[in-house]
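First comes the structure, then the notes that go with it.
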Amino acid sequence: MFYFSTHSLLDQNMRSTTLKAIKMSKKLGGVIFYDVNLPLPFCQSDQETKMFIQEAWNLANVIEVTKQELEFLCGIKSTEEFDTKNNVRSKFIHYDHEVVAPLWHENLKVLFVTNGTSKIHYYTKEQNGAVHGMEDAPITSFSCDMSASGDGIVAALLRMLTVQPDLITDKGYLEHIIEYAIDCGVVDQWLVACTRDFPPREGIEEEGEEKEQGEEAVPDPNGIRSITEREYHTLVESVS
């Protein structure tokens, strides 16, 4: 299976090399997985974006887009608010096959539409559906980057499609690998939260205060206070 994303198409030389590699892989019987992952500068016009990615899109057998990218490419104006506490129905809507039909082509076997780990949709030529998941790990100032969750989902899809490529359009198998991908995405995001951020505690990292290892704590210019993982998991006796 040959994996690539839009970032491989940005530079002209890299774009040419990527497309040649894709065509060579297809000649050898490889399955092409396109992780669209649109960079922000290309999210100005859906028509311009379609023209830029069209050749790569038409060569792909498996494509993964986010719900927002799908709406952008289909010209759908999203009304949702990007707030993890606002679970409006529009965030979880499953579009009919007719909506994604303009994006379909003869080489495409399955289209995955991800919405974080809360819900992942799938489309094949004959059927479509979605699998409900669960919420991501807590979003904080240190773990607001959700790329770990997305990378975990894509990596899981790649792994499972490589294990059973003959079941690439099987409804039961697709739903099974999506459940697995959701689990991987959640675990990866929790790992990021565990290593990058812990709940703040008052009185930590004051100027001149010594850390447990004897190092001087440098106050954050923005007033952010954090504690170590060991401190977070250590119970402090209450003062009576």
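It should be emphasised that the depicted structure is a prediction, and the values quoted were computed from it without experimental measurement.
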Practice item. Kindly check if the number of other-residue, nucleotide or ligand heavy atoms within 6.0 Å of NE2 (His97) is above 12? Key: yes
Specify the closest pair of heavy atoms between [X] and [Y], including all atoms of both residues, with the distance to one decimal.
{"X": "Met1", "Y": "Leu161", "value": "CE-CB, 3.6 Å"}
{"X": "Leu103", "Y": "Cys74", "value": "CD1-SG, 3.6 Å"}
{"X": "Ser149", "Y": "Thr117", "value": "OG-CG2, 3.3 Å"}
{"X": "Gly30", "Y": "Asn61", "value": "O-OD1, 3.9 Å"}

Practice item. Apply ring pair (Phe, Tyr, Trp, His ring centres under 6.0 Å) to Phe2 and list each qualifying residue two or more places apart in sequence or on a separate chain. Key: none
**Study point:** Tyr34: partners by ring pair (Phe, Tyr, Trp, His ring centres under 6.0 Å), with sequence neighbours left out
**Key:** Phe4
Do side-chain atoms of [X] reach the backbone of [Y] as a donor and acceptor pair under 3.5 angstrom?
{"X": "Tyr173", "Y": "Met160", "answer": "yes"}
{"X": "Thr17", "Y": "Asn13", "answer": "yes"}
{"X": "Thr6", "Y": "Val36", "answer": "yes"}

Which value, rounded to the nearest 0.5 Å, describes the distance between [X] atom [atom1] and [Y] atom [atom2]?
{"X": "Ile178", "Y": "His176", "atom1": "CD1", "atom2": "NE2", "result": "11.0 Å"}
{"X": "Arg15", "Y": "His7", "atom1": "CZ", "atom2": "NE2", "result": "14.0 Å"}
{"X": "Ile120", "Y": "Ile153", "atom1": "CD1", "atom2": "CD1", "result": "4.0 Å"}
{"X": "Ile22", "Y": "Leu9", "atom1": "CD1", "atom2": "CG", "result": "7.0 Å"}

Practice item. Check each of Val31, Ile32, Leu158 against Tyr3 using the side chain to side chain contact (heavy atoms under 4.5 Å, CB included) test, and report the only one that passes. Key: Leu158
Side-chain contact test, heavy atoms from C-beta onward, threshold under 4.5 Å: evaluate it for [X] versus [Y] and give yes or no.
{"X": "Lys67", "Y": "Ile93", "answer": "yes"}
{"X": "Val113", "Y": "Glu69", "answer": "no"}
{"X": "Thr124", "Y": "Leu174", "answer": "yes"}
{"X": "Ile168", "Y": "Val62", "answer": "yes"}

Check your understanding: Does Ala156 have any side-chain contact (heavy atoms from CB on, under 4.5 Å) partners at least two apart in sequence or in another chain, and if so, which?
Key -> Tyr180, Ala181, Cys184
Review point. How would you list, by chain and number, every residue that makes a side-chain contact (heavy atoms from CB on, under 4.5 Å) with His105, sequence neighbours excluded?
Key: Trp57, Asn58, Ile63, Asn107, Leu108
Practice item. Step by step, work out the side-chain contact (heavy atoms from CB on, under 4.5 Å) result for Ile76 and Val99. Key: CA-CA 9 Å; Ile76 300 172; Val99 176; 3.6 Å; yes
Any link between [X] and [Y] through a network of hydrophobic side chains (Ile, Leu, Val, Met, Phe, Trp, Tyr) touching at under 4.5 Å?
{"X": "Met51", "Y": "Phe72", "answer": "no"}
{"X": "Ile53", "Y": "Trp104", "answer": "yes"}
{"X": "Leu19", "Y": "Leu28", "answer": "no"}
{"X": "Leu73", "Y": "Leu10", "answer": "yes"}

For [range], pull every pair meeting salt bridge (Lys or Arg N to Asp or Glu O under 4.0 Å), keeping only residues two or more places apart or in separate chains.
{"range": "residues 162-182", "result": "Lys171-Glu175"}
{"range": "residues 100-122", "result": "none"}
{"range": "residues 16-30", "result": "Lys23-Glu55"}

Point to revise | Working for side-chain contact (heavy atoms from CB on, under 4.5 Å), residues Met134 and Asp183 | key: CA-CA 9 Å; Met134 62 192 80; Asp183 290 342; 3.8 Å; yes
Revision key, fill the gap. Sorted by chain and number, sequence neighbours left out, side-chain hydrogen bond (donor to acceptor under 3.5 Å, both in side chains) with His94 holds for His121, Asn128
Review point. Are a donor atom and an acceptor atom from the side chains of Thr169 and Glu126 found within less than 3.5 Å of each other?
Key: no
Practice item. Indicate the ring-plane relationship of Phe33 and Phe112, choosing parallel, tilted or perpendicular according to the 30° and 60° boundaries. Key: parallel
